[in-house]
Protein chains: 2
Amino acid sequence: MKPSIPQGTRDFSPADVRRRQYILQTIKSVFEVYGYQPLETPSMENLSTLMGKYGEEGDRLIFKILNNGLHEKKDQAKLNEEWAKVLEKPYSATAITERALRYDLTIPFARYVVMHQNDLVFPFKRYQMQPVWRADRPQRGRYREFWQCDADVVGSNSLLNEAELLCIYQSAFHQLKVPGIQVKINSRKVLAGLAECCGALDKLTDITVAIDKLDKIGWDGVEKELIGRGLDADKIAYIQQYLSVTGNTEERLVIMETLLQASDIAQKGIAELRTTLHYFEQLKHPEWTSELIVDFTLARGLNYYTGIIVEVATTAVKMGSIGGGGRYDDLTGLFGLKGLSGVGVSFGIDRIYDVMEELALFPVQVDITTKILFVNIEPKAEATILTYLSQLRNAGISCELYSETAKFDKQMKYAHRRTIPFVGIVGESELAENKIMVKNMETGTQELVTITALSNLLS
Amino acid sequence: MKPSIPQGTRDFSPADVRRRQYILQTIKSVFEVYGYQPLETPSMENLSTLMGKYGEEGDRLIFKILNNGLHEKKDQAKLNEEWAKVLEKPYSATAITERALRYDLTIPFARYVVMHQNDLVFPFKRYQMQPVWRADRPQRGRYREFWQCDADVVGSNSLLNEAELLCIYQSAFHQLKVPGIQVKINSRKVLAGLAECCGALDKLTDITVAIDKLDKIGWDGVEKELIGRGLDADKIAYIQQYLSVTGNTEERLVIMETLLQASDIAQKGIAELRTTLHYFEQLKHPEWTSELIVDFTLARGLNYYTGIIVEVATTAVKMGSIGGGGRYDDLTGLFGLKGLSGVGVSFGIDRIYDVMEELALFPVQVDITTKILFVNIEPKAEATILTYLSQLRNAGISCELYSETAKFDKQMKYAHRRTIPFVGIVGESELAENKIMVKNMETGTQELVTITALSNLLS
């Protein structure tokens, strides 16, 4: 049998893991500097926790786990009945499947907050970096197992949170050295105001879904979509006017205040954008180079957002958004805890990886683990080399002795393919001198040094 | 609906995650110092990769994933036929379930090595820290989702690997400061030699299974077990003699050489133990305090071991083994790649966590993330505090401003419950002086400092 892995899943080789860890560690350290705390939830949730939370399409994409020991169950007639329903429609029969793999990190977070509401201290700021699973059709860049990386705060209405989350994006991409980062923000309240002003508040979703496609299908496409969704020419003209506003940030904010003056919610949205920008200006660091853009055409597909929304992309690579988020007024209401407002952002780890790979942004050190390989050619030197290993490792320096007395070439090839930067040779003469011949694998130069000097060199 | 999580799974709160991360990071850094490289495999494997690898009991405990879109399949008659078989016996019908959650890290590792044999450079030393899933009956200390933490090397027969793995145990538990660690080693070859010498080589498994229980059931129990497995009195007397050997390590090795002199394999096993100990002596660090004990009564349940075996426990807590491993001659043969010898060890993360919790071994710093909370009481100070946050964060110091102007007491309570060690107060007088009143939450003392002094204090 030729072994394989399930479609849409991946093995991560040592080099892959190190590079992914570099991204995750960088983001994690930024989260922590902003006071976010780590949380981990189980891979499996009760199916009832997940079903009905992601729409009909989402329900279909949830990986369900078959109950164990079905053949031992007494009531086989009941099982057959449930099975017939599974075949009839996408049906969750608890007799057959009670558990499922988590589909995202947001619903488990909401479930956690509700279950632990009495132990938690609010505002509760948590980050979570874990895999999620979706039975989607696999394609380039879309996997059935992939990591999400979210930070959210619940139990605070302050726009300081929004501003800090913008800082988190800037700081993380600054540290990862990703160029051309654009962080776009808008407010769902402004979009609601637009719908209100053109007399189509009941069509808010239709309008946002259409606007969300502007990037891809242009104005003509959006217009067609709006017609199809039953908006009349006046309303469409109003929306076009909204989408066409130009000028610098302040100019556009002022124009919007006028254009949407009939809507209280729009005015509130614009005021929130101003406050968020104001906080951000005070919090930001002068070295950050990412652009922060108020973009009134930003809509974001998900309907649970109610305030500031945000999306991140880079102009350096054609890749779509590599992060996004926003405020939602009621995260935990689904599970019976009303009135907890939240705001959060997400990093698209797989896409960030692809961007960094394409732009060759991973530092060389990320690919290095073992710093020096001692070749195993002179049996008399073995005991001495072992004490060297002990000394280096005690100083935290990663090192190896090739574990067999193989041919020199084979050992050098091992060092090369493992991208080990130095090779240590202890032959008879080095042994006599109590020294090590150290070869720099990149430059090819050699140097005779003591173990103390070597330890200093590699520290 | 009152939300809950599946039986046998756990949420990890921020404090739990940080403590677990402390253990995992410590072990990871040790693995890397010894030249082991990280590998990650998918949570799901093809069911065919897993089935038949863990015995009948193992097969039953594998979590199988229901195929998606069953209701859309054309051939419903076939599905019903397969379903009948699922109900009849624990049967894997690919039409119903093709994928399953990984049961351990060893089989996925073997599968990975076979799939990538042409790209890998041998010896291949990898470590892997990932969750695994088993549909076991949940009980105290036994979960349905738990982490494994393994290091293995394949493609090298050198006993240097065994010695380095012993060092990895010593170094990791030294760094974690776990007291009373005993690392026991033996060789499966010595046990095979015992079976050979008492003329019961065909009963090797029966003998090891019985000996493995010595700790729990004592000699009387083992004797009963051996009788039950059909061994006669002579053989049992021989085994008793073997198990009763006493003296220091060297004395016991010499007695064993004599007792098992008729067996070549036993002599080879004893020689391997000697070589491993010899390497270990050269590699070890003087500060390590763990005991390394040659224990001829150590058997280990798993049958795939063929050479040195090892098990770790602590005398400080009643807990059973917290690590174990050994050499296996043919890891990848199951997947068609013959002749690759491997050796590996595993850390029992959940039990190590419990030991460290019970002995209060987690350093205080592990529980601290945010170093200082600025209370939000004086609106005029907000702008200044935001620049302080920016300055501290840029120096990598984790800090927060309480995001609302809540009551002072509420904010102090937040700092206390989050175990934030310092609170910064900027009232009107501090603002006028360009200073911060810093309160040490543990001692209660207060000090008036500049932001630069504060940054130095917290760095």
Side-chain angles (χ1 to χ4, degrees), chain A residues 3 5-6 9 11-12 14 17 32-33 35 37-44 46 49 63-66 68 70-71 76 79 83 86-90 97 99 111-112 114-115 121 123 135 145 156 158 160-161 282-283 285 335 369-370 383 386-387 389-390 393-394 398 400 403-404 414 417-418, chain B residues 3 5-6 9 11-12 14 17 32-33 35 37-44 46 49 63-66 68 70-71 76 79 83 86-90 97 99 111-112 114-115 121 123 135 145 156 158 160-161 282-283 285 335 369-370 383 386-387 389-390 393-394 398 400 403-404 414 417-418:
Chain A
I5 54 175
T9 69
D11 285 319
F12 294 107
V17 176
E32 296 200 339
V33 153
Q37 305 182 82
L39 178 70
E40 287 180 9
T41 61
S43 303
M44 293 176 189
N46 289 324
T49 301
F63 276 114
K64 302 176 182 85
I65 294 162
L66 201 60
N68 284 68
L70 289 175
H71 65 289
Q76 306 258 321
L79 285 175
W83 174 252
V86 168
L87 288 192
E88 208 174 290
K89 55 176 179 174
T97 168
R99 288 167 293 251
R111 193 263 309 142
Y112 177 87
V114 174
M115 277 179 72
V121 40
E145 174 178 52
S156 166
S158 170
L160 188 58
N161 299 300
Q282 290 169 296
L283 283 165
H285 191 265
F335 298 111
T369 44
T370 294
L386 294 184
T387 65
L389 292 179
S390 171
R393 285 170 178 162
N394 194 48
S398 175
E400 294 175 54
S403 58
E404 336 253 332
Y414 175 87
R417 292 193 55 189
R418 284 276 314 278
Chain B
I5 54 174
T9 68
D11 284 319
F12 294 108
V17 176
E32 295 201 339
V33 152
Q37 305 183 83
L39 178 71
E40 288 180 10
T41 61
S43 302
M44 294 176 187
N46 290 323
T49 300
F63 275 114
K64 300 177 184 86
I65 293 162
L66 201 60
N68 284 68
L70 289 175
H71 65 290
Q76 307 257 321
L79 286 174
W83 174 252
V86 169
L87 289 192
E88 206 174 293
K89 55 176 180 176
T97 169
R99 288 167 293 251
R111 192 265 309 143
Y112 177 87
V114 173
M115 276 179 72
V121 38
E145 174 178 52
S156 166
S158 170
L160 188 58
N161 299 300
Q282 290 169 297
L283 283 165
H285 190 265
F335 298 110
T369 44
T370 293
L386 294 185
T387 65
L389 292 178
S390 170
R393 286 171 179 162
N394 193 47
S398 176
E400 293 176 55
S403 58
E404 336 253 333
Y414 175 87
R417 292 192 56 190
R418 283 279 313 278

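Lettering follows sequence order; numbering is per chain, from 1.
- Residue B:V17 comes nearest to A:P38 through the heavy atom pair CG1-CB, 3.6 Å, listed as atom of the first residue, atom of the second, then distance.
- Between A:L70 and B:L87, some side-chain heavy-atom pair lies under the 4.5 Å cut-off.
- Between the side chains of B:S156 and A:E404, a donor-acceptor pair is found at a separation under 3.5 Å.
- Considering only heavy-atom pairs separated by less than 4.5 Å from chain A, the leading option among B:R417, B:E400, B:R393 is B:R393.
- Side-chain contact, A:E145 with B:S43: a donor N or O sits under 3.5 Å from an acceptor N or O.
- A:R418 is listed as a side-chain neighbour of B:Q37, based on a closest heavy-atom distance under 4.5 Å.
- Inter-residue side-chain proximity for A:L66 and B:I65 is flagged as unmet; no heavy-atom pair is nearer than 4.5 Å.
- Residue A:L79 touches chain B through both its backbone and its side chain, counting heavy-atom pairs closer than 4.5 Å.
- Side chain of B:S398 to main chain of A:E32: a donor-acceptor pair is present (N/O by atom type, distance under 3.5 Å, no hydrogens or angles).
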Going through the checks in order, is the side chain to side chain contact (heavy atoms under 4.5 Å, CB included) test met by B:R99 and A:T9? CA-CA 11 Å; B:R99 288 167 293 251; A:T9 69; over 6 Å; no

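- A 4.5 Å side-chain heavy-atom check between A:L160 and B:L386 finds at least one atom pair inside the cut-off.
- Between A:M44 and B:I5 there is no side-chain heavy-atom pair separated by less than 4.5 Å.
- Contact check for B:F63 versus A:N68: side-chain heavy atoms found under the 4.5 Å cut-off.
- Using a 4.5 Å cut-off between heavy atoms, A:S390 contacts chain B through both its backbone and its side chain.
- A:E40 contributes no side-chain N or O that, together with a main-chain N or O of B:D11, makes up a donor-acceptor pair within less than 3.5 Å.
- For the pair A:P123 and B:Y414, the minimum side-chain heavy-atom distance is below 4.5 Å.
- Both the backbone and the side chain of A:N46 have a heavy atom closer than 4.5 Å to some heavy atom of chain B.
- Between A:P3 and B:Y112 the shortest side-chain heavy-atom distance does not fall below 4.5 Å.
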